[in-house]
2 protein chains.
Amino acid sequence: MTPYYEDDFATIYHGDCAEVLASLPSESVDAVVTSPPYAEQRKATYGGIREADYPGWTVRWMEPLKRVLKPDGSVLINIRPHVLGGQISDYTLRTRLALRDAGWAELDELIWMKKGGGPPLGHSGRPRRSWESLHWFGLDGRAWCDPVANGAPSESIGGLRDGRAATAGWKHLGGHQNEPRPGISRSLDVATFSTRNNPNDSADTNHPAPYPPKLAAWCVRLICPPGGVVLDPFSGSGSTGVAAIANGRRYVGVDVVEEYAAMSARRVSKEPPVLDFGGAA
Amino acid sequence: MTPYYEDDFATIYHGDCAEVLASLPSESVDAVVTSPPYAEQRKATYGGIREADYPGWTVRWMEPLKRVLKPDGSVLINIRPHVLGGQISDYTLRTRLALRDAGWAELDELIWMKKGGGPPLGHSGRPRRSWESLHWFGLDGRAWCDPVANGAPSESIGGLRDGRAATAGWKHLGGHQNEPRPGISRSLDVATFSTRNNPNDSADTNHPAPYPPKLAAWCVRLICPPGGVVLDPFSGSGSTGVAAIANGRRYVGVDVVEEYAAMSARRVSKEPPVLDFGGAA
DNA sequence: CATGCTCTTGAATCCCTAG
DNA sequence: CCTAGGGATTCAAGAGCAT
């Protein structure tokens, strides 16, 4: 399939994601980081998947990934139930079970916590909904992950206190005792970022559902090794691509809406790539 | 059924919760706040419900609540999947769907965020799991809730700026424009508390799964009106009871293990009740 | 360069009214 | 009685500017 845009670090396709994914080489992608259209949302641009159809729709677009992903690759999906009549929808539950039934391994439940609580809208008689799920699936339970990538420097990691090397989450990645990556704590399963986009990008991020680039970067660093390939089948404004390139990964984006494929290409092409894989990981 | 312990503010039963609940008067409980034994956990004391049985087991113990709860009462359940072979268990998903199938309305997904990340345990190659779910169910979508009870004082509530009364989450509770409860923002759907118990309680809280009293208090204030009755069918060390009484509610606790019924009675009887329902709400 | 103010803007829901 | 559409609600982040 012919790319809509291509450079050394990014490839953007305009087309239906199932078709595009079917055309990608086997084991060519390390990680998928995406925020698909939620059920009943974005009707204007994506047709608005109905709740009842959502689990099957998700299983279908993810099926080609079983071939396209590397064996230790994984998928991070941001979806969220809506509230109707004071009750939350169940389509995310049913989607998770459908993916398990389809053979996917559910690795963990990660959370995006909206700093400051996010927009104060919603049901005025209920607590403000201030977090969203990042559902993490892999081909099996052994998916690649760097638990230290988003960790904070720490003064109290066990090894530093008693003279042993600090190897939290590091031996796991093949590190050796004599080259420890010391003083960084394991990250939590929660990413805390404001909902706001970078206002500098505002002209180029006119998309109904952009998530903040900092969140995308957190996800990329967690599940894609440095120098690897990140895929977003619902590229939208291209935030995942920007985050991937800014963190020394390559990007493959897909969008069925030409305007968004163009927007992704524009933003991705402007992002100065980071090639220093050594320290930033 | 004869209570194991009883005073003006608390009643503790020693027995199987399904039997005890069946013996309680209709519409006598405003809210249930509980942390049942997780699947495959606490085998020594509770027999260790198997994962496959967990949804049915939950539906069964909750069934009598449809009669015992007031029509606008609701239930807050703290359970958590475990990790095995790098994959999370699905029993909480299936339990939520089973409760929906049984006619319960799922009102929201609330979260307990463990301040500081909680114990740094778990799989060392993965992010530290630092939150747990509080699943909120009601008889229908109109359950009682005070969205402001746990809110923080705010200087920037809309009404304060332009002279209108600030009635966030207050009109909902029957407040009038001329008696606003101003300057308190709606709480978030996240409760952030450390995992630590009050060290003063340590002698009396030797229970395998105590959640912190501050978390229980947050839950009580959210879903039980001042002066109402809070029920915990898995009373354990009695933290829910302590929180209820300290916040001007009454408590009904049940535990199948006599040692825990006794522990609940002991802690509850020591807690000085708060009777000033006026301001603390 | 800190500090403080104004200004804008949200992946929202509910209620009420009109048909 | 059910459906569809429009108005009301409400607050933190961050930029830009003034002090």
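Within every chain, numbering begins at 1; the chains are lettered A, B, ... in the order of the sequence lines, protein sequences first and strands thereafter.
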Would A:Thr11 and A:Arg250 count as having a side-chain donor-acceptor pair, cut-off 3.5 Å?
->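 No - no donor-acceptor pair under 3.5 Å links their side chains.
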
Who are the side-chain contact (heavy atoms from CB on, under 4.5 Å) partners of B:Lys70, not counting sequence neighbours?
->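 B:Lys70 satisfies side-chain contact (heavy atoms from CB on, under 4.5 Å) with B:Glu27, B:Asp30, B:Asp72 only.
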
With sequence neighbours left out, write down each residue that passes side-chain contact (heavy atoms from CB on, under 4.5 Å) with B:Val68, or none if nothing qualifies.
->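 Testing B:Val68 for side-chain contact (heavy atoms from CB on, under 4.5 Å), a comparison that skips the adjacent residues, returns B:Leu24, B:Ser28, B:Val29.
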
Would you classify A:Gly122 as touching base, sugar-phosphate or nothing, given that sugar-phosphate means primed atoms plus P, OP1 and OP2, and contacts are heavy atoms under 4.0 Å?
->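 Here A:Gly122 touches the bases of the nucleic acid.
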
Contact class for A:Gly86 vs. all strands (heavy atom < 4.0 Å): base, sugar-phosphate, or nothing?
->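 Touches sugar-phosphate only.
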
Are A:Trp218 and A:Leu110 close enough, and set up right, to give a side chain to side chain contact (heavy atoms under 4.5 Å, CB included), and what steps lead you there?
-> CA-CA 11 Å; A:Trp218 188 92; A:Leu110 308 177; 4.1 Å; yes

Between A:Asn78 and A:Gly85, just flag the one whose closest nucleotide in DNA chain C comes earlier from the 5' side.
->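 Between the two, 5'-proximity favours A:Asn78.
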
Between D:dT10 and C:dC16, how far apart are the P atoms? Round to whole Å, please.
->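 Roughly 15 Å separates the two P atoms.
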
Whole-Å distance between [N] [atom2] and [X] [atom1]?
X	N	atom1	atom2	answer
A:Phe193	D:dG14	CZ	P	11 Å
A:Lys214	D:dA13	NZ	C1'	11 Å
B:Asp108	C:dT13	CG	C1'	12 Å
B:Asp140	C:dC14	CG	P	13 Å
A:Arg126	D:dT10	CZ	C1'	18 Å
A:Phe234	C:dA11	CZ	P	19 Å
A:Lys115	D:dG14	NZ	C1'	11 Å
A:Tyr38	C:dA11	OH	P	9 Å

Examine C:dA11: is either OP1 or OP2 under 4.0 Å from a nitrogen or oxygen in the side chain of A:Thr195? Give yes or no.
->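 No, A:Thr195 has no side-chain N/O under 4.0 Å of OP1/OP2 on C:dA11.
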
A:Arg129 vs C:dT13: side-chain N/O to OP1/OP2 distance below 4.0 Å =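 Looking at the OP1 and OP2 atoms of C:dT13, one of them is under 4.0 Å from a side-chain N or O of A:Arg129.
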
Measure the spacing between CG of A:Leu21 and CE of A:Met1 and express it to the nearest 0.5 Å.
->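 If I round to the nearest 0.5 Å, the distance is 9.5 Å.
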
With rounding to the nearest 0.5 Å, note down the distance linking CG in B:Leu97 to CG in B:Asp90.
->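 Taking CG in B:Leu97 and CG in B:Asp90, the distance rounds to 10.0 Å.
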
Kindly indicate, with the supporting measurements, whether the criterion side chain to side chain contact (heavy atoms under 4.5 Å, CB included) is fulfilled by A:Val20 and A:Tyr4.
-> CA-CA 11 Å; A:Val20 174; A:Tyr4 181 88; over 6 Å; no

Looking at the side chain of [X], which of [options] is the nearest nucleotide?
X	options	answer
A:Ser35	C:dC14, D:dA13, C:dA11	C:dA11
A:Arg128	D:dC11, D:dA13, C:dA11	D:dC11
A:Leu121	D:dA13, D:dT10, C:dC14	D:dT10
A:Pro120	D:dT10, C:dT13, D:dA13	D:dT10

Whether over 12 other heavy atoms sit under 6.0 Å from A:Arg94 CZ |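 Buried by this count: over 12 neighbours within 6.0 Å.
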
Can you give the dot-bracket line for DNA chain D, where a pair is Watson-Crick or G-U wobble with both atom distances under 3.5 Å, crossing pairs use [ ], and | marks a partner on another strand?
-> .||||||||.|||||||||

